[in-house]
Amino acid sequence: MKIFLDTANLDEIKNAAEANLIDGITTNPSLMAREIKRTGLESDAILKKITELVSGPISAEVVSKNLTEMVEEARKLKKIAPQIVIKIPMTFDGMKAVRRLNREGINTNVTLVFSANQALLAAKAGATYVSPFVGRLDDIGNEGMNLVGEILTIFDNYNFKTEVIVASVRHPKHVKEAALMGAHIATIPYKTLNQLFKHCLTDQGIIKFDNDWKDANK
Ligand code: G3P
């Protein structure tokens with residue numbers, strides 16, 4: 001399973017990229033707004049810097065709502081770097097934009113997906129990626145990961161090429177379940193990436209090895 005980082009924070013991306021563990025980046029308008037405030041940089045400059053740090057796909061989301069404006073915004077974003085993927089919200093106009101961009105060879109990531117039927121429509125429209133938001137479904141008492149299982153089954157049934165990005169990840173259990181289900185990608189916050197390294201027995205083991213070594217070499 002590929003791991004994307006779900007952030008626009010340049011420091012986080014730089015640090016994760018150094019470990020060579022990150023296959024791509026996803027952003028959204030909230031994450032971009034946070035980084036604009038933090039750095040004072042403009043949105044396009046932030047995206048450009050991200051593309052210099054990570055060579056994989058970088059999702060940048062349109063903020064326009066109607067078809068013509070979404071397509072125009074997507075074309076501008078794509079000019080920042082070839083690996084930019086256009087994140088489009090799951091709406092009727094959004095799926096028309098996906099179809100149009102697909103014909104132009106521009107990769108898309110359909111976002112704010114909360115049902116299997118939405119994912120089916122995105123795949124039929126020609127989306128490169130579809131992003132079910134598991135954490136936000138959990139928040140309202142649903143089992144977000146069940147949706148991922150449904151989407152993977154549907155895509156498998158019809159040999160859709162669209163890849164599933166498990167999004168709105170909140171904890172390592174989401175990541176493990178995504179990998180067990182065979183999801184193509186999980187996009188995870190920086191905090192979750194750090195949690196993946198951790199186990200209390202690893203910490204205890206390091207301390208014990210250290211103490212034993214010091215004891216023998218007094
Ligand atoms: O990738 C989508 C993600 O950024 C949404 O996450 O935590 O705001 O639900 P969250």
Side-chain angles (χ1 to χ4, degrees), residues 1-13 15-17 21-39 43 46-47 50-51 53-54 56-65 70 74 77 83-91 94-95 98 107-116 118-119 122-123 127-152 162-179 181 183-196:
M1 183 176 73
K2 289 180 191 144
I3 294 181
F4 289 3
L5 208 56
D6 192 32
T7 184
N9 184 303
L10 293 164
D11 293 340
E12 293 178 352
I13 293 169
N15 201 29
L21 279 168
I22 297 306
D23 301 299
I25 300 289
T26 52
T27 67
N28 63 37
S30 306
L31 295 171
M32 289 301 297
R34 208 176 297 161
E35 190 60 359
I36 289 166
K37 277 189 202 153
R38 193 182 77 88
T39 61
S43 162
I46 294 168
L47 286 168
I50 295 174
T51 64
L53 292 168
V54 175
I58 314 294
S59 286
E61 189 159 340
V62 295
V63 291
S64 310
K65 301 288 175 289
M70 268 192 273
L77 286 168
Q83 85 252 48
I84 294 280
V85 171
I86 309 302
K87 222 168 166 188
I88 306 261
M90 165 41 73
T91 61
M95 293 316 94
V98 166
N107 288 343
T108 53
N109 172 1
V110 174
T111 188
L112 291 165
V113 166
F114 294 97
S115 77
Q118 288 180 323
T128 318
Y129 304 100
V130 65
S131 290
F133 275 32
V134 297
R136 292 194 196 182
L137 281 169
D138 290 352
D139 290 346
I140 60 160
N142 291 4
E143 272 299 328
M145 290 309 298
N146 287 351
L147 173 61
V148 174
E150 289 175 356
I151 296 171
L152 288 170
T162 306
E163 294 194 7
V164 177
I165 303 181
V166 177
S168 183
V169 161
R170 297 282 160 76
H171 45 67
K173 193 161 171 264
H174 278 148
V175 181
K176 182 179 83 174
E177 287 172 355
M181 283 181 180
H184 306 86
I185 300 146
T187 188
I188 67 177
Y190 187 70
K191 181 181 164 213
T192 309
L193 176 70
N194 280 285
Q195 288 172 324
L196 295 186

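For clarity, every value in this text was computed on a predicted model and none was experimentally measured. As a basis for the values below, the full set of heavy atoms in this structure was taken, side chains included, without hydrogen atoms, waters or symmetry mates. Read the numbers this way: they start at 1 and go in the same order the structure lists the ligands and their atoms. Here, residue 1 is the first one in the sequence, and each next residue gets the next number.
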Asker: Under 3.5 Å, side chain of E35 to main-chain N/O of L10, donor-acceptor pair present?
Answerer: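 Yes: the side chain of E35 pairs with the backbone of L10.
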Asker: Provide, line by line, the atom pairs where ligand 1 and the protein bring an N/O atom each to a distance under 3.5 Å; else say none.
Answerer:
{"unit_1": "ligand 1", "atom_1": "1 (O)", "unit_2": "D6", "atom_2": "OD1", "d": "3.2"}
{"unit_1": "ligand 1", "atom_1": "1 (O)", "unit_2": "D6", "atom_2": "OD2", "d": "3.2"}
{"unit_1": "ligand 1", "atom_1": "4 (O)", "unit_2": "D6", "atom_2": "OD1", "d": "3.4"}
{"unit_1": "ligand 1", "atom_1": "4 (O)", "unit_2": "D6", "atom_2": "OD2", "d": "2.6"}
{"unit_1": "ligand 1", "atom_1": "4 (O)", "unit_2": "N28", "atom_2": "ND2", "d": "2.8"}
{"unit_1": "ligand 1", "atom_1": "7 (O)", "unit_2": "R170", "atom_2": "NE", "d": "3.3"}
{"unit_1": "ligand 1", "atom_1": "7 (O)", "unit_2": "R170", "atom_2": "NH2", "d": "3.2"}
{"unit_1": "ligand 1", "atom_1": "8 (O)", "unit_2": "R136", "atom_2": "NH2", "d": "2.8"}
{"unit_1": "ligand 1", "atom_1": "9 (O)", "unit_2": "R136", "atom_2": "NE", "d": "2.6"}
{"unit_1": "ligand 1", "atom_1": "9 (O)", "unit_2": "S168", "atom_2": "OG", "d": "2.7"}
{"unit_1": "ligand 1", "atom_1": "9 (O)", "unit_2": "R170", "atom_2": "NH2", "d": "2.7"}

Asker: Counting N and O atoms only, with roles assigned by atom type, does the side chain of S168 sit under 3.5 Å from a partner on the main chain of R136, one being a donor and the other an acceptor?
Answerer: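 Yes, because the side chain of S168 sits within donor-acceptor range (under 3.5 Å) of the backbone of R136.
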Asker: With a 4.5 Å cut-off on side-chain heavy atoms, are I50 and T27 touching?
Answerer: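 Answer yes - side chains close enough.
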Asker: Can you check side-chain contact (heavy atoms from CB on, under 4.5 Å) on M95 and V110, steps first, answer last?
Answerer: CA-CA 8 Å; M95 293 316 94; V110 174; 3.6 Å; yes
Asker: Return the OG1 to CZ distance between T187 and F133, rounded to the nearest 0.5 Å.
Answerer: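 Answer rounded to 0.5 Å: 9.5 Å.
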Asker: Where is the tightest heavy-atom contact between V98 and A127, given as atom of each residue plus distance?
Answerer: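 Closest approach of V98 to A127: CG1-N, 3.6 Å.
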